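To start, I am sharing the structure in question, which I have written as structure tokens.
What you see is a predicted model, and the numbers here were worked out from it, not measured in a lab. Sequence lines set the chain letters: A, B, ... in the order given, protein chains first and strands last, and positions in each chain run from 1.
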Amino acid sequence: MRAIKILSTLGVVLLALSALSAVGLAQEMENLPQASDLARQSLRPYWHVFAAYTIAIVLIGGWAVSIARRLRAVEERLLD
Amino acid sequence: MLTLLGLAGLIFLFYLSFFWVSTEIRQGIAQRIFYVHVPAAWTAFLAFGISALCSGVYLWLRDDRLDRAAMAAAEGGLVFATIMLTTGPLWGKIAWGTYWTWEPRLTLTLLLWFIYLGYFMVRSSTEDPEKGKRFAAVVAIVGALDIPFIHLSVIWFRSLHPEPVVVKPEGPSLPGDMLTTLFTGLAVFTVLFLGLFLFRYALEGLRAEADLRARRSAA
């Protein structure tokens, strides 16, 4: 139980750090010479691009949720 | 931990893809599909490769842990192959004017997807579970044999699909920022897959334990 709490806290801290470092790194990367001005142009509403990224999130998230549900069911079976 | 790291990486990848990387001059914004399509393809091939490797060793050693690892990897491979097979046509509609065409790489990739779908059908439809595991292991190995053909199909045959831009003898031909975003995508999808694969493997271990307990209490 204590290990789970420690791991959860560590996970949250790492996630926050990752997010902060991601933003910082991205800001640094904007100054690199290979980042062209084209990157600053606005996104045209190509629904295909957004659909592609949504599909990726939904499928990976769906797999994670499906594993979590099955894990809970097996843990309940083991407790019974 | 790996899964959390992968999640953070995914947010970073989306930031790079939408706000940082340059827009490709000919394909425009649609080229950004590349940063999820290629990592999904790489991860699917990695997963199917792990599944085939574990299946091969399972057929040799008959260790159930290898069968569980093969199944966990195959399930992940199927998820990432589905991402590859759905994001590719979305790009194809803009680049080629059609969602699907029966050209060699697309056809072989769809075949791979069906082979691994068959992997799960073989497992669940065989009455003797041990026989089912062996049959499925053979299907996993046969499926993985398709992967080199998928990679080389664009070189061997006349194909609509773009040729490799990274894995080629003369080195990558992508600009630096596109290469950075692509490699970030490859790392993020690999970490996400490995994290979820470990959970899936643990699930099969617990399921086997629950089955064993149920058999013992029934006896």
Could you tell me whether the side chain of B:Phe14 reaches within less than 4.5 Å of the side chain of A:Ile57, counting heavy atoms only?
-> yes

By a 4.5 Å heavy-atom criterion (distance strictly below it), what part of B:Leu196 contacts chain A: side chain, backbone, both, or neither?
->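 Backbone plus side chain of B:Leu196, per the 4.5 Å heavy-atom cut-off to chain A.
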
For the pair B:Arg200 (side chain) and A:Ile67 (backbone), establish whether a donor and an acceptor sit closer than 3.5 Å, ignoring hydrogens and angles.
-> no

Do A:Ile60 and B:Phe193 have side-chain heavy atoms sitting under 4.5 Å apart?
->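 No, too far: nothing below the 4.5 Å cut-off.
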
Ring center gap for B:Tyr35 and A:Tyr53 short of 6.0 angstrom |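 No, ring centres 6.0 Å or more apart.
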
Minimum side-chain heavy-atom gap A:Ile55-B:Leu90 below 4.5 Å =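 Heavy-atom side-chain distance check passes, below 4.5 Å.
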
In terms of the angle between their ring planes, are A:Phe50 and B:Phe18 parallel, tilted or perpendicular, with boundaries placed at 30° and 60°?
->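 Plane angle under 30°, so parallel.
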
Relative to chain A, which of B:Gly88, B:Ala40, B:Ala214, B:Gly76 shows the most heavy atom pairs under 4.5 Å?
-> B:Gly76

Non-hydrogen atoms of A:Trp63 and B:Phe197 that approach each other most closely = CH2-N, 4.1 Å

Approximate separation, where rounding is to 0.5 Å, of A:Glu75 CD and B:Leu203 CG | 9.5 Å

Against chain A, label B:Ile94 side chain, backbone, both or neither, depending on which of its atoms sit under 4.5 Å from a heavy atom there.
->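 Contact with chain A involves the side chain of B:Ile94 alone.
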
Around B:Phe199, counting heavy atoms of other residues, nucleotides and ligands shown, do more than 12 lie under 6.0 Å from its CZ?
->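 Not more than 12 within 6.0 Å, no.
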
Would you please test A:His48 and B:Thr87 for side-chain contact (heavy atoms from CB on, under 4.5 Å) and show each step?
-> CA-CA 8 Å; A:His48 293 79; B:Thr87 53; over 6 Å; no

For B:Trp42, does the CH2 atom sit with more than 12 other heavy atoms under 6.0 Å from it, leaving out its own atoms?
->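 No, CH2 of B:Trp42 has 12 or fewer neighbouring heavy atoms, counting only those of other groups under 6.0 Å.
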
Structural part of B:Ala72 lying under 4.5 Å from a heavy atom of chain A =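 Contact with chain A involves the backbone of B:Ala72 alone.
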
Name the option with the most non-hydrogen atom pairs under 4.5 Å to chain A; the candidates are B:Gln31, B:His37, B:Glu75, B:Lys93.
->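 Highest number of heavy-atom pairs under 4.5 Å: B:Glu75.
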
With a 4.5 angstrom heavy-atom cut-off, which part of B:Arg207 approaches chain A: side chain, backbone, both or neither?
->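 For B:Arg207, the contact with chain A is made by backbone and side chain together.
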
Given that the side chain runs from C-beta out, which part of B:Ala210 has a heavy atom under 4.5 Å from chain A: side chain, backbone, both or neither?
->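 For B:Ala210, the contact with chain A is made by backbone and side chain together.
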
A:Arg70 versus chain B, the contacting section by heavy-atom distance below 4.5 Å =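 Both parts, backbone and side chain.
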
Could you look at B:Glu209 and say if it's the side chain, the backbone, both or neither that has a heavy atom under 4.5 Å from chain A?
-> both

